[in-house]
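Here the structure is laid out as structure tokens; the discussion comes afterwards.
Chain identifiers are assigned alphabetically (A, B, ...) following the order of the sequence lines, protein sequences preceding nucleic acid strands; residue numbering begins at 1 within each chain.
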Protein chains: 2
Amino acid sequence: METYKIDEVSKVTGLTKRTIRYYEELGLLMSTQRTEGGMRLYTQEHIERLKQIVSARDVLGFSLQEILDFVQLRETFEGHRTSIQNTEDAEVKRHYLQEVERGLAQQLQMIDQKMETMAQFRREREQLHHRIKEAIQNTLT
Amino acid sequence: METYKIDEVSKVTGLTKRTIRYYEELGLLMSTQRTEGGMRLYTQEHIERLKQIVSARDVLGFSLQEILDFVQLRETFEGHRTSIQNTEDAEVKRHYLQEVERGLAQQLQMIDQKMETMAQFRREREQLHHRIKEAIQNTLT
DNA sequence: CCAAAAGTTAACGTTGACGTAAACGTTGGT
DNA sequence: ACCAACGTTTACGTCAACGTTAACTTTTGG
């Protein structure tokens, strides 16, 4: 599989090398494969993940701690597929999945809440914008 | 007009007294009337403003510096109505207004950009949610 | 009228999210 | 085989956004 060194990743994501290592340290980014000498080798998947983190951070305004919750929920599920998948106890399994499902439902609700508030904010700004444009018109008459 | 002391304001906005004073210090919140002894007296308008600031901070993820830009743009316009309104030079006036208009247009575009990314993020989460629910169904069959 | 509650300024402390510098090892081209 | 460019860890520095404490004044209820 194609891999990238940290400087490449830094350029395509816009993050500094320091930040990329920091995110790994926090557990936001899964650890990479290393070369014999210890250099990190990133895959395309790592890059996608980093882009998502940036979105969540800059656009949604989440703290790294909140993002960690999001990430862990996904990992929990993906990890589940291989580790718990083969368990015999369907009860345990279902209970586990339901926990994850509840978490996701809450996240969705939280996002909707944010979008609503954002739309509200936008309306307010648009109204101001409208009034300004009117005022400009009035300077022309 | 009805006024409130800082502790009241703290309770209804959820902000600490320290934070409220800090926002005033930064210029995010217009200064209040004071009592003879120097105590701040807030109006309903101050409270509304604080709620907006909290939204912009928590929901939109804006930094206080960004919020300051938003606030100043509004103040600039509101202040304009009384101070520049009566100027004779319609040229100066219109130019001024157009500056403000450009700023607002940019803000709107920025908000739309954020909403778009947020919607994208939501879709991704929803898809994951869907897969989880499917997996739960599968434990029942 | 007076103690307790609430307010004020000033200054230092803390936490999250990185930046930066030092000291050292790895890679890859000539 | 060498060296410039890039990588690694470790550790201290920084800045925004407040928290906390101190020392003091004002307001208010009994």
Side-chain angles (χ1 to χ4, degrees), chain A residues 1-44 46-47 49-72, chain B residues 1-43 46-47 49-72 114:
Chain A
M1 202 197 311
E2 174 135 42
T3 61
Y4 311 84
K5 282 183 285 186
I6 198 168
D7 200 52
E8 295 264 346
V9 178
S10 171
K11 272 163 190 160
V12 300
T13 61
L15 297 169
T16 68
K17 295 184 280 183
R18 167 65 167 121
T19 300
I20 295 170
R21 296 196 192 99
Y22 180 56
Y23 285 177
E24 178 184 345
E25 184 182 335
L26 288 186
L28 282 178
L29 188 65
M30 53 282 196
S31 305
T32 65
Q33 188 195 146
R34 301 280 188 127
T35 67
E36 184 62 24
M39 288 173 52
R40 275 167 257 253
L41 293 177
Y42 298 89
T43 69
Q44 188 60 39
H46 287 95
I47 293 177
R49 173 62 62 87
L50 281 172
K51 286 182 180 174
Q52 284 177 24
I53 293 175
V54 171
S55 285
R57 191 193 62 178
D58 292 351
V59 182
L60 311 189
F62 289 159
S63 70
L64 298 186
Q65 198 42 241
E66 287 176 310
I67 297 176
L68 189 55
D69 297 346
F70 274 60
V71 162
Q72 283 179 344
Chain B
M1 202 198 309
E2 173 133 41
T3 61
Y4 310 85
K5 282 183 286 185
I6 199 167
D7 200 53
E8 294 265 346
V9 179
S10 170
K11 272 162 190 160
V12 300
T13 61
L15 298 169
T16 68
K17 296 184 279 183
R18 166 67 166 118
T19 301
I20 296 170
R21 295 196 193 99
Y22 180 57
Y23 285 177
E24 179 186 344
E25 183 183 334
L26 289 187
L28 282 179
L29 188 64
M30 54 282 197
S31 305
T32 66
Q33 189 193 146
R34 301 282 189 126
T35 68
E36 186 61 24
M39 288 173 52
R40 275 168 258 253
L41 293 176
Y42 298 89
T43 69
H46 287 96
I47 294 178
R49 172 61 63 87
L50 281 172
K51 286 181 178 172
Q52 283 178 25
I53 293 174
V54 171
S55 285
R57 191 193 61 178
D58 293 351
V59 182
L60 310 189
F62 289 158
S63 72
L64 298 187
Q65 198 43 237
E66 288 175 311
I67 297 176
L68 190 55
D69 296 346
F70 275 60
V71 162
Q72 283 177 344
K114 284 208 179 206

Reading 5' to 3' through nucleotides 4-9 of chain D, protein heavy-atom contacts under 4.0 Å coded B for base, S for sugar-phosphate only, - for none:
---SBB

Is the shortest side-chain heavy-atom distance between [X] and [Y] below 4.5 Å?
X: A:L28; Y: A:R57; value: no
X: A:H46; Y: A:T32; value: yes
X: B:Y4; Y: B:K11; value: no
X: B:T13; Y: B:V54; value: no
X: A:K5; Y: A:M39; value: yes
X: A:R40; Y: A:R21; value: yes
X: B:L50; Y: B:I47; value: no

So, does A:T43 use its side chain to make a donor-acceptor pair with the main chain of A:T3 at under 3.5 Å?
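It does not hold such a pair.
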
Is there a donor-acceptor pair closer than 3.5 Å between any side-chain N or O of A:K17 and the backbone N or O of A:V9?
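Such a contact is absent between A:K17 side chain and A:V9 backbone.
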
Rounded to 10°, tell me the angle between the two end axes of the helix from C:dC1-D:dG30 to C:dT30-D:dA1, each built from five pairs.
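The end-segment axes of the helix from C:dC1-D:dG30 to C:dT30-D:dA1 are tilted 10° relative to each other.
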
Which nucleotide of DNA chain C is the first, and which the last, in the 5' to 3' direction, to come under 4.0 Å of a heavy atom belonging to chain A?
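Using the under 4.0 Å cut-off, the span is C:dA17 to C:dT27.
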
Check: protein-nucleotides 11-17 of chain D nitrogen or oxygen pairs below 3.5 Å:
residue	atom	partner	partner atom	Å
D:dA17	OP1	B:L64	N	3.0

Could you verify whether a donor N or O on one side chain and an acceptor N or O on the other, from B:R49 and B:Y23, lie under 3.5 Å apart?
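No donor-acceptor contact under 3.5 Å links the two side chains.
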
Mind checking side chain to side chain donor-acceptor pair (under 3.5 Å) for A:T16 and listing every partner two or more places apart, or none if nothing turns up?
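Partners of A:T16 under the side chain to side chain donor-acceptor pair (under 3.5 Å) test: A:T19.
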
Please name all residues satisfying ring pair (Phe, Tyr, Trp, His ring centres under 6.0 Å) with A:F62, sequence neighbours left out, ordered by chain then number.
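Counting only residues at least two positions away or on another chain, A:F62 forms a ring pair (Phe, Tyr, Trp, His ring centres under 6.0 Å) with A:F70.
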
